[in-house]
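Fair warning: this is a prediction, and the values are worked out from it, not measured in the lab.
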Amino acid sequence: MSDATVVCSNLSFSWPDDTPVFHDLSFALTTGRTGLVAPNGAGKSTLLKLITGELKPATGSVSVSGTLGYLPQSLPLTGDLTVAEVLGVAAVIRALDAVESGDVSEEHFTTIGDDWDIEERTRAQLDRLGLAGLALDRNLSTLSGGQVVQLGLAAQLLKRPDVLLLDEPTNNLDRDARHKLYDVLADYSGLLLLVAHDRALLDRMDGIAELGSSQLRFHGGNFTAYEEAVRAEQEVAEKNVRNAEQELKREKRELQQARERAERRAGNAARNLKSAGLPRIFAGNMKRGAQESAGRAGQMHASRVGEAKARLDEAGRALRDEQRITLELPDTQVPAGRNLFLGSGMQVRHDGKDVFTGGGVDLSVRGPERIALTGPNGSGKTTLLRLITGQLSPVSGEIARGEGRIAYLSQRLDLLDLDRTVAENFAAFAPERPDAERMNLLARFLFRGSRAHLPVGVLSGGERLRATLACVLCAEPAPHLLLLDEPTNNLDLVSVGQLESALNSYRGAFMVVSHDDRFLAEIGVSRWLRLAEGALVETGAPEV
């Protein structure tokens, strides 16, 4: 695998409506693990598809040395496929079964090739990814979204690829499945290029590549090292901008002073010439000389002003436009000890079966607690959130809710009217606020000017989350308990940072379902609950 390479030369690509994505992009990758980062919409998935050949560049070339494996974000699989068919081993296993049954046809041996141990290798790969015991004849339609992703990765690894491209491989994976994937990728020795917003996964990379429209900037080290390098770059860039601004002010001031001196000299010269009684032609020559001298001085200072502006523009280009949400939400303040939710013996049934074990689950939320709800996919976490909000009624048990409003952000972000603008949705949630105050609050959520008047349906995932947060957090009355179900799914790293900023401004209680340990640490989670095998238990913070 040491000779595996990906080389892109002068790559250009635009969408059918002529929207440019890349222009003259060139880079080379060799063996090692590289994380590819950029805001959503910058073209990360597009670049992977160009490397695989799924998309063709307008100009330039792509060269891949070695066997290629590729796991896209959305797997093009149908539910009637079996596990063996997804893994690409069904034909070999059928041939092995035929040979074991006594059929020694040459076609079976051709199909098997060197894969006499395919069943053992397949089982070992599935076990490593947490799919032990998964029957090879099981239909895909019976698997969870996370299991499908794990199965797709297993299929690629069974190819023994020299080059492995992964697009958001931890989406839909719970914490245990994520850590198994981390371990598998740590053992991979080829060329790995992955797109991820999972900072824990990016911290396991050898290098980070930051994608721009015409370049791929490489940073040695993991994502934490990349963040530190970017932070240091930004501190230098901000200092350069401040210096350039001061220089421009000084040059403008000197230009103005030079003009004022020239005007005074011209006035004095005119008066002196008139009082001296010099001949008109001589006086005219002296006046023109003074004007030319003043003009040269003015041009020199004007040139310096232009150069200072250019330096300011250059310094400004080095600054990153990664805006953070900054706001205060005093109306969300909850006194310590106030009961917001009390549930005892809560039980729900799905398909005639109890979701929770024993006599149901107990839960209390008091004061401004920051609670993380973790557990395997399918364990009932979303069901529990819906019980808290009242969207779902228990078949048994008792529930008492406090006076404060409970707000719920589902995974689908379906709280807002997609056909109405951000401003119109906000007005529906906070009708008593003056229009100017609403627009000011939307600006703090980074919806400024025309952005506030876009229909919600055209917003990106990160923008839709910000719009939903604005409507929920600034609504009337303000929520005292906020429930969030996988809020970082499909968000880019900038949007995750904006979400963290908003939640750190919130003064009420929240419960968040998430498998992102770094995100949970950044928002100051103080209480950890785990729902698994029908039981809700209090735990400490997990080891990252």
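Under the rule for a salt bridge (charged side-chain N to carboxylate O under 4.0 Å, His left out), Asp114 has no partner lying at least two apart in sequence or in another chain. Take Ala177 and apply the side chain to side chain contact (heavy atoms under 4.5 Å, CB included) test, not counting sequence neighbours, and it matches Gln150, Leu173, Asp174. Looking at residues two or more places apart in sequence or on another chain, you find a side chain to side chain contact (heavy atoms under 4.5 Å, CB included) between Asn222 and Asp203, Thr224, Ala225. Legend: residues meeting salt bridge (charged side-chain N to carboxylate O under 4.0 Å, His left out) with Arg123, ordered by chain and number and at least two apart, are absent. Evaluation of the salt bridge (charged side-chain N to carboxylate O under 4.0 Å, His left out) rule for Glu522 yields Arg518 as partners, not counting sequence neighbours. For Phe22, there are no ring pair (Phe, Tyr, Trp, His ring centres under 6.0 Å) partners, not counting sequence neighbours. Applying the side chain to side chain contact (heavy atoms under 4.5 Å, CB included) test to Arg349 and every residue at least two apart in sequence or in another chain returns Asp354, Val395. Asp18 pairs by the salt bridge (charged side-chain N to carboxylate O under 4.0 Å, His left out) definition with nothing, not counting sequence neighbours. Listed by chain and residue number, nothing satisfies the ring pair (Phe, Tyr, Trp, His ring centres under 6.0 Å) test with Phe218 (two or more places apart in sequence, or in another chain). Evaluation of the ring pair (Phe, Tyr, Trp, His ring centres under 6.0 Å) rule for Phe13 yields Trp15 as partners, not counting sequence neighbours.
Remark: aromatic rings of Phe426 and Phe429 are distant, center separation not under 6.0 Å.
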Give the table of side-chain donor-acceptor pairs shorter than 3.5 Å for residues 50-63, with sequence neighbours excluded, one pair per line with atom names and distance.
unit_1 : atom_1 : unit_2 : atom_2 : d
Thr52  : OG1    : Lys49  : O      : 2.9
Thr52  : OG1    : Glu54  : N      : 3.3
Thr59  : OG1    : Ser12  : OG     : 3.2

List the atom pairs, with distances to 0.1 Å, where a side-chain N or O of residues 464-475 and a protein N or O form a donor-acceptor pair under 3.5 Å, not counting sequence neighbours.
unit_1 : atom_1 : unit_2 : atom_2 : d
Arg466 : NE     : Gln498 : OE1    : 3.0
Arg466 : NH1    : Phe445 : O      : 2.9
Thr468 : OG1    : Arg464 : O      : 2.8

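Within the 4.5 Å cutoff, side-chain heavy atoms of Ser379 are placed close to those of Leu531.
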